[in-house]
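See below for the structure under consideration.
Quick note: numbers below take in every heavy atom, side chains included, and nothing from hydrogens, waters or symmetry partners. In this chain, numbering begins with 1 at the start of the sequence shown. None of these values were measured; they are calculated from a predicted model.
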Amino acid sequence: MKTDMKGELKCHIMAVLISFMALFCLAAINGYEHFSAAGGGDKNGSTWDNAYPQDSLRKFLQNTVVAGDVIFLKGDIDYTADSIIDCTARDGSAVSPIAIIGVKAATTHEGADIVFADWARDTADMPHLNIGLYYTYLGDYYQVRNLNMRSAGENVLRNSTEGIIENCKIQQTGDAGAYNAVILASGGLLLNCDITSPNRYGVYISSQSRVMYNYIHDCTNATYGIGMREIGTGIILFNKIKNCTIGINLNGQNQTTINGNTIFKCGTGIVSTGTEHGTVIINNLLDSCRTYGVNWNTQTDHNFYTHNHGDDTRCTDMWNNVDVSTLFKDNSVTTGDPLFTDTVDGFQLGAESPAFNTGQGVR
């Protein structure tokens, strides 16, 4: 029976997005809280006129927030934390997650009247959270959207069970130690974020996490500069990974799906460090990898690679320690220049790109 892999993939993505939207739209709301740069210390957060001041955000998250709260942060916020933000003692729930949402500075709608058009979707509109030398630990079932966060501490943002991080810009600037931009815990969803960590990992992926449509870049430390490192099975779809020492490190984890990603100007695109099996590497574009496109540690059965774009001309060595002659019958690697039209970011493909014209191309 012929299988329509593209159709199945589209159905899978739609199912993920529908379930994600349903989780927020059907959530049981406890209450709405408002924070702004102009907020006052004697306010109750119920409206913008009564908004909490930005400097009370850490204490509110650690001491007051409860399941079902929706917290709106105005785009005029430029908040610097004075210590660790640790919300692990205050969880949301599957039916009542805790939502933290950045909205535009000009927003006048309040509470339940705030609509998607009010959200700070563009980086210039997002509230700024400077975590300083500290880090942010979230509890279970948190949804974080439209924030511009940076930290030189251990982790900019670490979520717990079933968290969602969407449309955020996250910068890890620390220069030593186990510093990471994002740690994505069990069942987490990382969606449409811009992430960089020049001295450590961009994303640390735990069990059953989904990483989709993100731009992960400039993780350049010679030893730890990894765009994504797994510590549990993940689904990695349609991300752009640029200028990292390693694009994706499977780290011995099995049954990972890597589909439709663009990996550009990394030392090695995808690295196996153990005896991974059940891995699917399909429909990815690997270009200008300085060492290997895909570097497999120990060849095992039940891994599948097909319809990827890249060759030994585009990468120094496209396949290392992968037995392309016997492990699979149809790798369908396309060759030639992918014809990027944006040489700065290197991710826009021209209409004549062989990555499209094969009929099995990426994106």
Within the side chain of [X], is there an N or O that forms a donor-acceptor pair under 3.5 Å with the backbone of [Y]?
X	Y	result
T245	N221	yes
T279	N303	no
R210	I236	no
N63	K59	yes
N239	L237	yes
Y134	D82	yes
D55	P53	no
N155	V182	no
N283	N259	no
T107	K104	yes

Begin from the C-alpha positions of M212 and L191 and carry the test side chain to side chain contact (heavy atoms under 4.5 Å, CB included) through to its verdict.
-> CA-CA 5 Å; M212 303 168 58; L191 180 67; 4.0 Å; yes
To the nearest 0.5 Å, what is the distance between [atom1] ([X]) and [atom2] ([Y])?
X	Y	atom1	atom2	result
L57	T80	CG	OG1	11.5 Å
I85	I131	CD1	CD1	4.0 Å
D49	H34	CG	NE2	10.0 Å
Y137	L157	OH	CG	11.0 Å
N251	N297	CG	CG	11.0 Å
H217	T196	NE2	OG1	5.0 Å

With a 4.5 Å heavy-atom cut-off, do [X] and [Y] have their side chains touching?
X	Y	value
M149	C168	no
Y142	E162	no
Q143	I98	no
T257	F304	no
I71	I101	no
T262	I241	no
V103	N146	no
L61	I100	yes

May I ask you to decide whether E33 forms a salt bridge with K43, counting only side-chain N to carboxylate O separations under 4.0 Å?
-> no
Do K169 and D194 meet the salt-bridge criterion of a basic N to acidic O distance under 4.0 Å?
-> no
Inter- and intrachain pairs under side-chain hydrogen bond (donor to acceptor under 3.5 Å, both in side chains), touching residues 64-76, at least two apart | N30-D69
Please report the C-alpha distance between R150 and T173 in whole Å, then the side-chain angles of each, then the deciding distance to 0.1 Å, and finally whether the side-chain hydrogen bond (donor to acceptor under 3.5 Å, both in side chains) criterion is met.
-> CA-CA 7 Å; R150 60 190 183 277; T173 60; over 6 Å; no
Do L190 and M126 belong to the same hydrophobic cluster, where Ile, Leu, Val, Met, Phe, Trp and Tyr are linked whenever their side-chain heavy atoms lie under 4.5 Å apart, directly or via other members?
-> no
Do I114 and I29 share a hydrophobic cluster (ILVMFWY, side-chain heavy atoms under 4.5 Å, transitive)?
-> yes
State which residue, out of W48, F60, Y79, fulfils the ring pair (Phe, Tyr, Trp, His ring centres under 6.0 Å) condition with F35.
-> F60
Minimum heavy-atom separation for [X] to [Y], with atom names?
X	Y	result
A67	G92	CB-CA, 3.9 Å
G227	I216	O-CG2, 3.5 Å
T273	G252	OG1-N, 3.3 Å
R90	V65	NE-O, 2.6 Å
A181	I170	O-CG2, 3.8 Å
K242	C266	C-SG, 4.2 Å

Start with the C-alpha gap between L138 and T88, add the side-chain angles, then the distance that decides, and say whether side chain to side chain contact (heavy atoms under 4.5 Å, CB included) holds.
-> CA-CA 5 Å; L138 301 180; T88 52; over 6 Å; no
Do T256 and E276 have side-chain N/O donor and acceptor atoms under 3.5 Å apart?
-> no
Exercise: do T136 and R158 side chains pair donor with acceptor under 3.5 Å = no
Tell me, please, which residues at least two apart from D218 pass side-chain hydrogen bond (donor to acceptor under 3.5 Å, both in side chains).
-> N243
Which residues share a side-chain hydrogen bond (donor to acceptor under 3.5 Å, both in side chains) with N159, sequence neighbours left out | none
Verify ring pair (Phe, Tyr, Trp, His ring centres under 6.0 Å) between W119 and F72, making sure each step is shown before the conclusion.
-> CA-CA 9 Å; W119 286 18; F72 293 116; 8.3 Å; no
Kindly indicate, with the supporting measurements, whether the criterion side-chain hydrogen bond (donor to acceptor under 3.5 Å, both in side chains) is fulfilled by S46 and N44.
-> CA-CA 6 Å; S46 59; N44 61 15; 2.8 Å; yes
Should the ring pair Y204 and Y201 be called parallel, tilted or perpendicular, given that the plane angle runs from 0 to 90° and is split at 30 and 60?
-> parallel
Should I258 and N284 be marked as a side chain to side chain contact (heavy atoms under 4.5 Å, CB included) after you check the CA-CA gap, both sets of side-chain angles, and the distance that decides it?
-> CA-CA 8 Å; I258 303 174; N284 301 282; 3.8 Å; yes
Please step through side chain to side chain contact (heavy atoms under 4.5 Å, CB included) for the pair I281 and I270, ending with a clear verdict.
-> CA-CA 9 Å; I281 300 177; I270 301 170; 3.9 Å; yes
Going through the distances and angles, do N249 and R229 end up as a side-chain hydrogen bond (donor to acceptor under 3.5 Å, both in side chains)?
-> CA-CA 5 Å; N249 187 341; R229 185 183 182 193; 5.3 Å; no
Take H128 and D78 through the test side-chain hydrogen bond (donor to acceptor under 3.5 Å, both in side chains) and record every step on the way to the result.
-> CA-CA 5 Å; H128 290 75; D78 191 356; 5.2 Å; no
Give the C-alpha distance, both sets of side-chain angles, the deciding distance and a yes or no for ring pair (Phe, Tyr, Trp, His ring centres under 6.0 Å) between Y292 and W319.
-> CA-CA 7 Å; Y292 304 114; W319 300 101; over 10 Å; no
